[in-house]
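All of these numbers come straight from a predicted model, not from anything done at the bench. In listed order, ligands and their atoms are each counted from 1. Values reported hereafter were calculated over all heavy atoms of this structure, with side chains retained and with hydrogens, waters and symmetry mates removed.
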Amino acid sequence: MPALVLLGAQWGDEGKGKATDLLGGSVDYVVRYQGGNNAGHTVVVGDQKYALHLLPSGILSPGCTPVIGNGVVVDPSVLLSELSGLNERGVDTSKLLLSGNAHIITPYNVTVDKVTERFLGKRKIGTTGRGIGPTYADKINRVGIRVQDLYDESILTQKVEAALDAKNQMLTKLYNRRAIAVEQVVGELLGYADKLAPYVTDTVLVLNEALDQDKVVLFEGGQGTLLDIDHGTYPFVTSSNPTAGGACTGAGVGPTKISRVIGILKAYTTRVGAGPFPTELFDEDGEALRRIGGERGVTTGRDRRCGWFDAVIARYATRVNGLTDFFLTKLDVLTGWEQIPVCVAYEIDGRRVEELPYSQTDFHHAKPVYEMLPGWSEDITGAKSFSDLPKNAQAYVKALEEMSGAPISAIGVGPGRDETIEINSFL
Ligand code: GDP
Ligand code: IMO
Ligand code: MG
């Protein structure tokens, strides 16, 4: 069973970094397959806290080879500063592999992200401003710059010219900004070429050969199912496919190789940026979840919107990803509530709806139908096995499992590596 996908089952920030790091010690490769430095994955090892944006969380496990796949969009300056930041803290990053087919986030993609958001005004998506959407747009428009282009100055110049042609018209005539000079961009990008060269390779070949040799490969998603460009709450989504199929296209590995798909699921719900969120709380409970859960964005520092657990979304994540397991995180944050509401269905224009509506209008009108589950007051951060949990916490987990449609195979009771209850082994 060599290939596992680990992905976000909600709107991101479910604790993918912690879960990946936990498995990192037992796998040979950890691969990012989509997204870019819009991600912020936190890993806590002992008293050390790491915030990873582009690098796979496996980089903190010495035996593991971290891979940035072809489906990722890479800002070279961010990648290099992340690498040097880790080196300064004594982390060996020399095994990193970077796909030559990955697309580069250029400085003009970042500019376009910021100006289009500003132009959207009240209708903005609330992006991370890292150039993610415009870089994927260039990829699909076939005017993207790839990592391999850094090694052919003539091709790079032609491609940057082609990309900037239309963008400069837009920037100057529509957005009232200065045009961006081709030479300046080419010069900056060429400056990264030698520094990145040691990592650049054909990662598709490497990963498929590894799988042929029965090595264990873990695919680490960025963002989450509801932020997926196809399956999320469009248009309030990111511009890639965090869902399980994205691992195949974003790493060049066939679906027949994937043996397990693990959905990371927070015991409540959070969201950053704009868009519908049926269980969102605007009262002191929402404030308490934010405070106790430390719900502040790792990438942008924005406060996360907080709400109760939504089983409709969890069921949807099980379906579109073919989830085999859940890893339930942050159960400890719910300690202290007398009763915990869980959304089991929606009411939409007077009708009870059990599954996620495909219509954006319906989803905007969805009101949560809550079931109240009894809470617990005992500290659970030291729990090592399921039976260590108070009865009501056990019942909460069992109820979520029943509603969500896949077994909960691990439970997070704190941010640290060892603050985890393993129920079924993932490997
Ligand atoms: P990611 O983007 O999915 O990797 O998640 P983030 O790192 O953005 O946000 C998750 C936050 O929750 C981080 O601060 C983690 O350290 C923390 N975390 C992860 N699992 C747990 C858990 O089980 N309990 C608690 N209290 N914190 C956790
Ligand atoms: P991790 O991997 C939470 C959100 C942004 C915005 C939308 C589009 O840490 O879970 P983008 O910059 O991607 O074009 O923004 O997606 N978003 C995330 N929200 N966690 C993330 O990553 C996110 N990455 C993007 O807030 O609403
Ligand atoms: Mg995050």
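At a heavy-atom distance under 4.0 Å, only side-chain atoms of D332, from C-beta outward, approach ligand 1. Contacts between R304 and ligand 1, counted as non-hydrogen atom pairs separated by less than 4.0 Å, involve the side chain only. With a 4.0 Å heavy-atom cut-off, ligand 2 is reached by the backbone of N38 and by its side chain too. With a 4.0 Å heavy-atom cut-off, ligand 2 is reached by the backbone of W11 but not by any atom from C-beta on. Residue contacts with ligand 2 for K16 involve side-chain atoms from C-beta outward but no N, CA, C or O (heavy atoms, distance under 4.0 Å). At a 4.0 Å heavy-atom cut-off, ligand 1 touches V413 through the backbone alone. At a heavy-atom cutoff of 4.0 Å, ligand 2 is contacted by no atom of E14, backbone or side chain.
Nearest non-hydrogen protein atom to atom 20 (N) of ligand 2 is D13 OD1, 3.2 Å. Among all protein heavy atoms, the one lying closest to atom 11 (C) of ligand 1 is K330 NZ, 3.5 Å. From the protein, the heavy atom lying nearest to atom 12 (O) of ligand 2 is T128 OG1, 2.6 Å. Among protein heavy atoms, atom 26 (O) of ligand 2 sits closest to R302 NH2, 2.9 Å. If you check which protein heavy atom lies closest to atom 22 (C) of ligand 1, you get G414 O, 3.2 Å. Ranking protein heavy atoms by distance to atom 15 (O) of ligand 2, first place goes to T127 CA, 3.3 Å. Scanning all protein heavy atoms for the shortest distance to atom 25 (C) of ligand 2 gives Q223 CG, 3.7 Å. Here the protein heavy atom with the shortest distance to atom 10 (C) of ligand 1 is D13 O, 3.8 Å. Nearest non-hydrogen protein atom to atom 7 (C) of ligand 2 is V237 O, 3.8 Å. Atom 17 (N) of ligand 2 has L227 CD1, 3.8 Å as its closest protein atom, hydrogens excluded (heavy atom only). With respect to atom 15 (C) of ligand 1, the closest heavy atom belonging to the protein is T42 CB, 3.9 Å. With hydrogens left out, the protein atom closest to atom 27 (O) of ligand 2 is V272 O, 3.1 Å, a heavy atom.
Ring geometry for F236 versus H364: interplanar angle over 60°, hence perpendicular rather than tilted (30 to 60°).
Short contacts between ligand 1 and G412, defined as distances under 4.0 Å to a heavy atom of the residue, involve ligand atoms 23 (O). Every atom of ligand 1 is numbered from 1 in the order shown, and the set under 4.0 Å from a heavy atom of G17 is 4 (O). Within the listing of ligand 2, atoms 2 (O) sit less than 4.0 angstrom from a heavy atom of G222. Close contacts of ligand 1 with G40, meaning ligand atoms under 4.0 Å from a residue heavy atom, involve 1 (P), 2 (O), 4 (O), 6 (P), 7 (O), 8 (O). Residue I125 approaches ligand 2 through these ligand atoms, each under 4.0 Å from one of its heavy atoms: 27 (O). Ligand 2 places these atoms under 4.0 Å from at least one heavy atom of A39: 1 (P), 2 (O), 9 (O), 22 (O). Residue H41 has at least one heavy-atom neighbour below 4.0 Å for each of these atoms of ligand 1: 1 (P), 2 (O), 4 (O), 7 (O).
Under the ring-ring contact (aromatic ring centres under 6.0 Å, His included) test applied with W337, the options Y396, W376, W308 reduce to a single match, W308.
Within the 4.0 Å heavy-atom cutoff, G8 does not count among the residues contacting ligand 1. The shell of residues lying under 4.0 angstrom from ligand 2, judged by heavy atoms, excludes R304.
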### Intermediate values then yes/no, salt bridge (Lys or Arg N to Asp or Glu O under 4.0 Å), K391 and E378
CA-CA 10 Å; K391 285 281 165 284; E378 301 88 334; over 6 Å; no
### Message
Could you walk me through whether R315 and E355 satisfy the salt bridge (Lys or Arg N to Asp or Glu O under 4.0 Å) test, starting with their C-alpha distance in whole Å, then the side-chain angles of each, then the deciding distance to 0.1 Å, before giving a yes or no?
### Response
CA-CA 8 Å; R315 275 200 290 282; E355 301 300 343; 3.5 Å; yes
### Query
Could you walk me through whether K257 and V217 pass the side chain to side chain contact (heavy atoms under 4.5 Å, CB included) check?
CA-CA 10 Å; K257 300 279 165 67; V217 178; over 6 Å; no
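For the Mg ion (ligand 3), the nearby protein N/O/S atoms, meaning those under 2.8 Å, are D13 OD1, G40 O.
To the nearest 0.5 Å, atoms CG (L23) and CD (E422) are separated by 7.5 Å. Note that the CG atom of L189 and the CD1 atom of I104 stand 6.0 Å from one another [nearest 0.5 Å].
Close N/O approach between D113 and ligand 2 is not found [any backbone or side-chain N/O within under 3.5 Å]. Inclusion of S239 in the set of residues having an N or O under 3.5 Å from an N or O of ligand 2 is not warranted.
Between atom 9 (O) of ligand 2 and the options G275, G40, G126, A51, the minimum heavy-atom separation is to G40.
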